[in-house]
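Before anything else, here's the structure in question.
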Amino acid sequence: YGGERMARNRSQTRYHETAIKRSIINLRSTMYSTKENVNILTSLLVKAGITKAVVCPGSRNSPIVHNLCACPDIECYPVTDERSAGFFALGMTLADNEPVVICVTSGSALLNVAPAAAEAYYQNRPLIIISADRPAQWIGQKDGQTIQQHGALEPNVHKSVTLPEPNNDEERWYCNRLVNEAINACMLNGGGPVHINVPITEPLFDYSTVNLPDERRITLHQAVINDAEVYEIASNFFCGEKSMIVLGQMIPEVVGDALEAIEALKKVAVVIQEKLANDDICPSLPIDEALSIIEDDDSYRPDHLLYIGGCVVSKRLKHFLRKSKCKYSIIVDEHGNCCDTFMHATDVIQGSPTDVLGIFANETEGVERKEFVEKWDSVFTKAMAIREKITPRYSQLLAVKTFHKMMRELDIDGELFYGNSSSVRLGNIFSDQYIYVNRGVNGIEGSLSTAVGYAVAQQEEEDVYCIIGDLSFFYDQNALWNENLSPNLSILLLNNGGGGIFHQLPGLGRSPYRDTAIAAQHTTSAEGICQSHDIVYLSAHNTEELTKGLERFFNAEEGPVLLEVFTNPEDDAQALQDYYQSF
């Protein structure tokens, strides 16, 4: 089997039929819009090497959508729901770390992209959001689908521009410059979303331009960090007796490039990394489990701390480190922002994680292994031994443990996408490979759409597994209302009838409204959704059904496939409580 699903005939045929239809449309659409700002934009997207665009329906954006579909260098992916489309595009950026366009029509359509823009902003993902707009003179005049669109996504984008409708050479120069600035801002300082707003006057549907204009492309060259200063900081860092390095969320390519440096650093410092920042195929580090053993022992707190990357999932780790009294507490941020997560920052290094980790690794030569590292290694070893002996009751904890255990036994190869909240916390316990998750904002919306977008972008190369809770799934079910859906997607749906994490919060049970109003209690199943979208549906209600369901799940000859695991929220909370009480 080897993790490759070569026989998913029905869905594979459906996907290729869609691709063939799209190719035929592209071949027929040899003419471009007559709208000059649209053509300048299209030409520069091509010159910037943009190859993927997610397009949403509408009339005002139809000149842009037409141009994108007509371009032989750009592959277009139609998605109807703009909120889902934004996360679909985000997932595609994760597949190859290249910018992806999402194009929406005027009015509230743009506002539906705001959650994905915010997630992309905090994950540093290169998303180019293009919105069609009504002419400025009609804004505020009770004209249909007309709102204030310029700056509508700020402050969660790197740059917002509104293009003119050029009438002379100077305005054409201005339009060209604005597009160049936005595209470059998308790639600057580690990448991020940008918003290009395009007012378009009627008539909209004239496609009589034979060729795109040959536009000037302004190339960005990013500066090199001051490595001499960073070397001095690194040298001082290793003078501490208790040095610790915390790696927050990073894309696997960045972690992969830094693997050698990270291994060198582990010899002289405690390196804490969740599966959002670990591209090694190895058991996940038992961070919360170790902290359960350590409790409030100050001897385990660092005096020198280096924090690189994005969000850290573990609340226990954040609370533990906020009580540390650090002489040096260094933040590495590509934008130079002071993200003082642990509340005692002393220095900020503006630089890429790979560069800074490499410099710090170079400074480890001659540094002796400290007792502090031995203490942490010992508690990690103890926690790992306890973890391996635990057999949870039937629960979401058991479902995720069995999922990963079976992946290893069957030698399944594939990428993992986790939903937020309870799901990613379970993944951090049992996964032995990198986890994708929307931890920029930590919202539940868009988790499934992101996985779908990634799966489509990688459908010839990787199987994609999405492990997601019920509220995240049903909130984002329009991710499956998508003609691009590819057969390499498998979904493990953890359904306990509401927000299970709310059963784990001390004190919330005293509220009589916890289940109905706070935890969104429900009795919904995904079976009907799967039938509507031609997805293979499996279910499990107990341990035996879970094992059999996962066997069918991993060996399905058709796809996409979904396994819905039904559990009780009280059992889930108790299983997790029993788990941590074992340490």
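Here the structure is a predicted model, which means the values were calculated and not measured.
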Exercise for the section: Determine yes or no for a side-chain-to-main-chain donor-acceptor pair under 3.5 angstrom, with Gln249 supplying the side chain and Val437 the backbone. Expected result: yes

Exercise for the section: May I ask you to decide if Val441's main-chain N or O and Glu119's side chain share a donor-acceptor pair within less than 3.5 Å? Expected result: yes

Practice task
Look up atom CH2 in Trp138 and atom CD in Gln145, then write down how far apart they are to the nearest 0.5 Å.
Solution key: 15.5 Å

Exercise for the section: Apply ring pair (Phe, Tyr, Trp, His ring centres under 6.0 Å) to His335 and list each qualifying residue two or more places apart in sequence or on a separate chain. Expected result: His158

Practice task
Answer yes or no: is there a donor N or O on one side and an acceptor on the other, between the side chain of Ser352 and the main chain of Asp355, under 3.5 Å?
Solution key: yes

Handout entry: Donor-acceptor contact present, side-chain Asn37 to main-chain Ile200, <3.5 Å
Key = no

Handout entry: Any Asn112 side-chain heavy atom under 4.5 Å of Val104 side chain
Key = no

Problem - Separation between CG of Leu563 and SG of Cys530, rounded to the nearest 0.5 Å - result: 10.0 Å

Fill in the blank from the handout: Interatomic distance, CD1@Ile468 vs CZ@Phe474, rounded to 0.5 Å, equals 10.0 Å

Exercise for the section: Using modelled atom types only, decide if a donor and an acceptor are shared between the side chain of Glu274 and the backbone of Val313 within a distance under 3.5 Å. Expected result: yes

Exercise for the section: For Ala152 and Leu110, work out which heavy atoms get closest and say how close. Expected result: CB-CD2, 3.8 Å

Handout entry: Set of residues satisfying side chain to side chain donor-acceptor pair (under 3.5 Å) with respect to Asn482, sequence neighbours excluded
Key = Asn484

Exercise for the section: For side chain to side chain donor-acceptor pair (under 3.5 Å), just list the numbers for Thr450 and Asn438, CA-CA rounded to whole Å, side-chain angles, deciding distance to a tenth of an Å, and then say yes or no. Expected result: CA-CA 8 Å; Thr450 306; Asn438 290 342; 3.1 Å; yes

Completion exercise
When Val198, Val179, Ile196, Asn180 are each screened for side chain to side chain contact (heavy atoms under 4.5 Å, CB included) with Val161, the one that passes is Ile196

Problem - pair Asp476-Ser84: side-chain heavy atoms closer than 4.5 Å - result: yes

Exercise for the section: Ignoring hydrogens and angles, tell me if any N or O in the side chain of Glu462 forms a donor-acceptor pair with the backbone of Gln458 under 3.5 Å. Expected result: no

Problem - Test ring pair (Phe, Tyr, Trp, His ring centres under 6.0 Å) applied to Tyr307 - qualifying residues, sequence neighbours left out - result: Phe342

Practice task
May I have all residue pairs that pass ring-ring contact (aromatic ring centres under 6.0 Å, His included) and include part of residues 189-218, sequence neighbours excluded?
Solution key: His66-Tyr207

Exercise for the section: Give every residue pair that meets the salt bridge (charged side-chain N to carboxylate O under 4.0 Å, His left out) criterion with at least one member in residues 77-94, sequence neighbours excluded. Expected result: none

Practice task
Apply salt bridge (Lys or Arg N to Asp or Glu O under 4.0 Å) to Arg177 and list each qualifying residue two or more places apart in sequence or on a separate chain.
Solution key: Glu181

Exercise for the section: With side-chain contact (heavy atoms from CB on, under 4.5 Å) as the test, would you mind laying out the steps for Arg425 and Tyr418 before giving the verdict? Expected result: CA-CA 9 Å; Arg425 288 170 169 81; Tyr418 265 84; over 6 Å; no

Problem - Pairs flagged by salt bridge (charged side-chain N to carboxylate O under 4.0 Å, His left out) wherever residues 197-206 is involved - sequence neighbours left out - result: Arg60-Glu202

Exercise for the section: For the pair Arg125 and Ile251, evaluate side-chain contact (heavy atoms from CB on, under 4.5 Å) and give the outcome as yes or no after the intermediate values. Expected result: CA-CA 10 Å; Arg125 306 311 306 143; Ile251 60 173; 3.6 Å; yes

Exercise for the section: Could you tell me the separation between the CG atom of Leu94 and the CZ atom of Phe417, rounded to the nearest 0.5 Å? Expected result: 5.0 Å

Problem - Residues, nucleotides or ligands: over 12 heavy atoms within 6.0 Å of Arg552 CZ - result: no

Practice task
For the pair Thr146 (side chain) and Ile139 (backbone), establish whether a donor and an acceptor sit closer than 3.5 Å, ignoring hydrogens and angles.
Solution key: no

Exercise for the section: To the nearest 0.5 Å, tell me how far Ile74 CD1 sits from Cys69 SG. Expected result: 9.5 Å

Problem - 4.5 Å side-chain heavy-atom contact, Ser422 and Leu494 - result: no

Practice task
Would you mind reporting whether Val100 and Phe88 have side-chain heavy atoms less than 4.5 Å apart?
Solution key: no

Exercise for the section: Look only at the side chain of Asn428 and the backbone of Lys275, and say whether a donor-acceptor pair between them is shorter than 3.5 Å. Expected result: yes

Handout entry: Residue pairs passing the side chain to side chain donor-acceptor pair (under 3.5 Å) test where at least one lies in residues 43-54, sequence neighbours excluded
Key = Lys47-Asp214, Lys52-Asp96

Exercise for the section: Run the numbers on Leu485 and Ile535 for side-chain contact (heavy atoms from CB on, under 4.5 Å), then give the verdict. Expected result: CA-CA 10 Å; Leu485 208 60; Ile535 296 169; 4.1 Å; yes

Handout entry: Over all atoms of both residues, closest heavy-atom pair of Pro126 and Met187
Key = CB-SD, 3.9 Å

Exercise for the section: Any chance you could measure Thr80, atom OG1, to Asn478, atom CG, to the nearest 0.5 Å? Expected result: 8.5 Å

Handout entry: Pairing residues for Thr201 by the side chain to side chain contact (heavy atoms under 4.5 Å, CB included) criterion, not counting sequence neighbours
Key = Lys35, Pro135, Glu165

Exercise for the section: Answer yes or no: does atom CD of Gln137 have more than 12 heavy-atom neighbours from other residues, nucleotides or ligands under 6.0 Å? Expected result: yes

Exercise for the section: Would you check if Asn168 and Glu171 make a side-chain contact, meaning some heavy-atom pair closer than 4.5 Å? Expected result: yes

Problem - Atom CD of Glu170: over 12 foreign heavy atoms under 6.0 Å - result: no

Exercise for the section: Could I get the full list of ring pair (Phe, Tyr, Trp, His ring centres under 6.0 Å) partners for Tyr122, not counting sequence neighbours? Expected result: none

Handout entry: Close side-chain approach of Ile102 to Val113, heavy-atom, < 4.5 Å
Key = yes

Handout entry: Side-chain donor or acceptor of Asn39 paired with backbone N/O of Ser33 under 3.5 Å
Key = yes

Handout entry: Full working for side chain to side chain donor-acceptor pair (under 3.5 Å) between Gln149 and Asn197
Key = CA-CA 7 Å; Gln149 291 187 198; Asn197 191 48; 2.9 Å; yes

Exercise for the section: Specify the closest pair of heavy atoms between Leu247 and Ala277, including all atoms of both residues, with the distance to one decimal. Expected result: O-CB, 3.6 Å

Completion exercise
Minimal heavy-atom distance between Ala451 and Val464, with the atoms involved, is O-CG1, 4.1 Å

Exercise for the section: Could you tell me which non-hydrogen atom of Gly336 sits nearest to which non-hydrogen atom of Gln350, and how far apart they are? Expected result: N-CG, 3.7 Å

Problem - Heavy-atom check, side chain of Ser532 versus side chain of Trp481, under 4.5 Å - result: no

Handout entry: salt bridge (Lys or Arg N to Asp or Glu O under 4.0 Å) involving Arg172 - partner list, sequence neighbours excluded
Key = Glu36, Asp169

Problem - Heavy-atom closest contact (Gly469 atom, Ser423 atom, distance) - result: N-OG, 3.2 Å

Exercise for the section: Could you tell me whether the side chain of Asp279 and the main chain of Tyr434 form a donor-acceptor pair under 3.5 Å? Expected result: no

Exercise for the section: Would you sort out whether Leu416 and Ser431 count as a side-chain contact (heavy atoms from CB on, under 4.5 Å), showing the intermediate values? Expected result: CA-CA 9 Å; Leu416 299 178; Ser431 178; 3.5 Å; yes

Practice task
Check ring pair (Phe, Tyr, Trp, His ring centres under 6.0 Å) between Phe473 and all other residues, then give those that pass, not counting sequence neighbours.
Solution key: none

